[in-house]
Number of protein chains: 2
Amino acid sequence: MSQDKILQSLIADNLVSAPDSARGRLLREAARLFRDKGYERTTVRDLAAAVGIQSGSLFHHFRTKEEILKAVMVETIRLNTAVMQAAMEAADSNRDKLRALISAELESINGQTGEAMAVLVFEWRSLSEASQVEVLKLRDIYEALWLDVLTALKDEGALVADPFVVRRMLTGALSWTVTWYRPERGGLTREGLTDQVVAMLGLS
Amino acid sequence: MSQDKILQSLIADNLVSAPDSARGRLLREAARLFRDKGYERTTVRDLAAAVGIQSGSLFHHFRTKEEILKAVMVETIRLNTAVMQAAMEAADSNRDKLRALISAELESINGQTGEAMAVLVFEWRSLSEASQVEVLKLRDIYEALWLDVLTALKDEGALVADPFVVRRMLTGALSWTVTWYRPERGGLTREGLTDQVVAMLGLS
DNA sequence: TTACAAACCAAGCGCTTGCTTGGTAATGTT
DNA sequence: AACATTACCAAGCAAGCGCTTGGTTTGTAA
């Protein structure tokens with residue numbers, strides 16, 4: 001299934017909002033602002049101005065500012081989980097599945113959903129505890145994908161280190177690319193970067 | 001040189017403040033609060049209460065709230081650069097030097113200076129641009145330590161991936177341990193974790 | 001004892017924040 | 001055409017923010 005088909009299907013199920021809807025546009029601008037200035041430094045006036053409405057009008061669409069942050073996170077996880085599931089199912093061997101996961105995560109971090117992914121990593125603490133629990137449940141599904149593949153590779157003997165530790169190291173390493181990797185400025189392509197990661201793990 | 005000797009020497013040179021001084025205590029509490037709640041959510045009243053003074057009295061020691069954040073970061077980098085320099089010089093081979101660097105960085109992230117290191121990673125954007133430039137200069141010295149060793153390993157043929165990429169992946173991977181690694185709760189020791197990282201790189 | 005600076009308090013100022021309110025325009029729906 | 005619902009505006013409130021001010025206590029040294 002293509003990435004666009006997946007998005008369409010999620011929109012139809014009301015799991016993520018359409019990019020061209022009022023809600024979708026706000027969430028995209030919110031992700032950008034939250035990443036650039038941080039959640040706390042972004043005011044509801046900033047958010048409203050970014051979509052061309054008054055600050056008070058925001059509260060017709062969302063009850064609180066935090067609800068906007070939560071929506072950004074929830075929709076991003078939903079989309080990426082679906083995309084990664086598809087990418088993985090298309091691969092045969094466990095090595096290829098891992099490669100697909102790494103490549104897909106790099107894409108989600110540095111591609112279209114990059115702003116939202118950065119928010120997911122760096123604005124975690126700004127969520128209320130109740131919301132954290134909620135978002136964490138969605139993350140668990142996502143993480144299970146990784147652990148299944150890594151555990152299989154460990155059983156095959158292709159991996160020496162502990163699957164849990166490897167996944168956590170990869171989470172950090174891949175998330176961190178958002179702070180330095182600039183594919184548009186030439187040099188390393190995303191596939192090239194994926195190669196480097198796989199090589200680092202000794203799996204190439 | 002022992003870790004304590006290094007600290008004493010830095011205090012003597014006025015490069016970091018003594019842990020039992022008024023300034024030192026405030027910076028330690030600030031690091032803890034900034035990590036726990038984030039810089040923006042931490043008020044000057046929180047900071048003052050943590051050391052038992054009135055909020056206004058803070059501004060006798062620091063001109064602005066941001067100056068406190070900057071001080072936390074600067075002193076932490078200074079200390080850790082010195083510690084890592086010493087750890088590295090004690091090792092002979094390049095493999096051992098890299099191992100020493102990894103172990104030392106894990107210690108700095110998860111040990112005494114852990115709170116401050118987390119602040120350094122997650123509160124970066126809360127610094128004014130002027131301060132960012134200043135802190136960045138200090139970081140460059142620190143990063144040069146890593147690149148020297150990784151480049152040497154690449155030349156030896158022990159490393160397949162690009163040194164710059166490896167360092168950046170390691171930065172992310174090691175920083176991220178702050179979010180999950182809990183040495184006190186048994187299981188993995190710091191040396192054990194270092195082993196896992198070295199094994200992941202195929203250098204064990 | 002006196003002199004003086006460093007450390008601190010009590011009070012509050014000016015501003016920004018998230019959010020509310022009461023009403024008006026736009027957009028379907030029948 | 002009549003109504004109902006959604007989307008929005010203009011204005012502003014209460015609370016919390018970083019920081020200032022004028023004055024008092026504490027520490028140090030001659």
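In the text below, chain A, chain B and the rest are named by the order of the sequence lines, each starting its count at 1.
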K.L.:
Which label fits A/Tyr39 and A/Phe34: parallel for a plane angle under 30°, tilted from 30 to 60°, or perpendicular past 60°?
P.N.:
perpendicular
K.L.:
Just distance, no hydrogens or angles: give the donor-acceptor pairs under 3.5 Å from side chains in residues 130-137 of chain B, sequence neighbours left out.
P.N.:
residue: B/Ser131; atom: OG; partner: B/Glu66; partner atom: OE2; Å: 2.9
residue: B/Ser131; atom: OG; partner: B/Ser128; partner atom: OG; Å: 3.1
residue: B/Gln132; atom: NE2; partner: B/Trp124; partner atom: O; Å: 3.3
residue: B/Gln132; atom: NE2; partner: B/Leu127; partner atom: O; Å: 3.3
residue: B/Glu134; atom: OE1; partner: B/Lys70; partner atom: NZ; Å: 3.2
residue: B/Glu134; atom: OE2; partner: B/Lys70; partner atom: NZ; Å: 3.3

K.L.:
Check B/Glu75, B/Glu67, B/Glu29 against B/Arg23 for a salt bridge (charged side-chain N to carboxylate O under 4.0 Å, His left out) and give me the one that passes.
P.N.:
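Answer to the salt bridge (charged side-chain N to carboxylate O under 4.0 Å, His left out) test with B/Arg23 among B/Glu75, B/Glu67, B/Glu29: B/Glu75.
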K.L.:
Going through the distances and angles, do A/Glu123 and B/Arg125 end up as a salt bridge (charged side-chain N to carboxylate O under 4.0 Å, His left out)?
P.N.:
CA-CA 12 Å; A/Glu123 304 300 331; B/Arg125 278 170 321 178; 2.5 Å; yes
K.L.:
Kindly indicate whether the side chain of A/Leu170, heavy atoms from C-beta on, has any atom under 4.5 Å from the side chain of B/Trp176.
P.N.:
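Result no, sub-4.5 Å side-chain heavy-atom pair not found.
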K.L.:
Can you give me the closest heavy-atom contact between A/Val160 and B/Ala199, atom names plus distance?
P.N.:
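Shortest heavy-atom separation between A/Val160 and B/Ala199 comes out as CG2-O, 3.9 Å.
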K.L.:
Should we say atom CZ of A/Arg41 is surrounded by more than 12 heavy atoms from elsewhere, each under 6.0 Å from it?
P.N.:
yes
K.L.:
Which pairs pass ring-ring contact (aromatic ring centres under 6.0 Å, His included) with one or both residues in residues 181-204 of chain A, sequence neighbours excluded?
P.N.:
none
K.L.:
Shoot me the first and last contacting nucleotide of DNA chain C against chain B, ordered 5' to 3', at under 4.0 angstrom to non-hydrogen atoms.
P.N.:
C/dA6 to C/dG12
K.L.:
Just to be sure I understand the geometry, which residues of residues 56-66 of chain B put a non-hydrogen atom under 4.0 Å away from DNA chain C?
P.N.:
B/Ser57, B/His60, B/His61
K.L.:
Hey, does B/Pro163 have a side-chain heavy atom less than 4.5 Å from the side chain of B/Val149?
P.N.:
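Side chain of B/Val149 against side chain of B/Pro163, heavy atoms only: no contact under 4.5 Å found.
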K.L.:
So, for A/Ile6 and A/Val83, which heavy atoms are closest and what is the spacing to 0.1 Å?
P.N.:
CD1-CA, 4.0 Å
K.L.:
May I ask you to list the residues of residues 33-54 of chain A, by number, that have any heavy atom positioned under 4.0 Å from an atom of DNA chain C?
P.N.:
A/Thr42, A/Thr43, A/Val44, A/Arg45
K.L.:
Going by heavy atoms in the side chains, are A/Lys97 and A/Asp148 under 4.5 Å from each other?
P.N.:
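A/Lys97 does not reach A/Asp148 side chain to side chain.
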K.L.:
Measure the shortest side-chain to side-chain distance between B/Thr76 and B/Met73 over non-hydrogen atoms and say whether it is less than 4.5 angstrom.
P.N.:
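Answer no - side chains too far apart.
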K.L.:
Within residues 14-30 of chain B, find the residues that approach DNA chain C with a heavy atom at under 4.0 Å, and present them sorted by residue number.
P.N.:
none
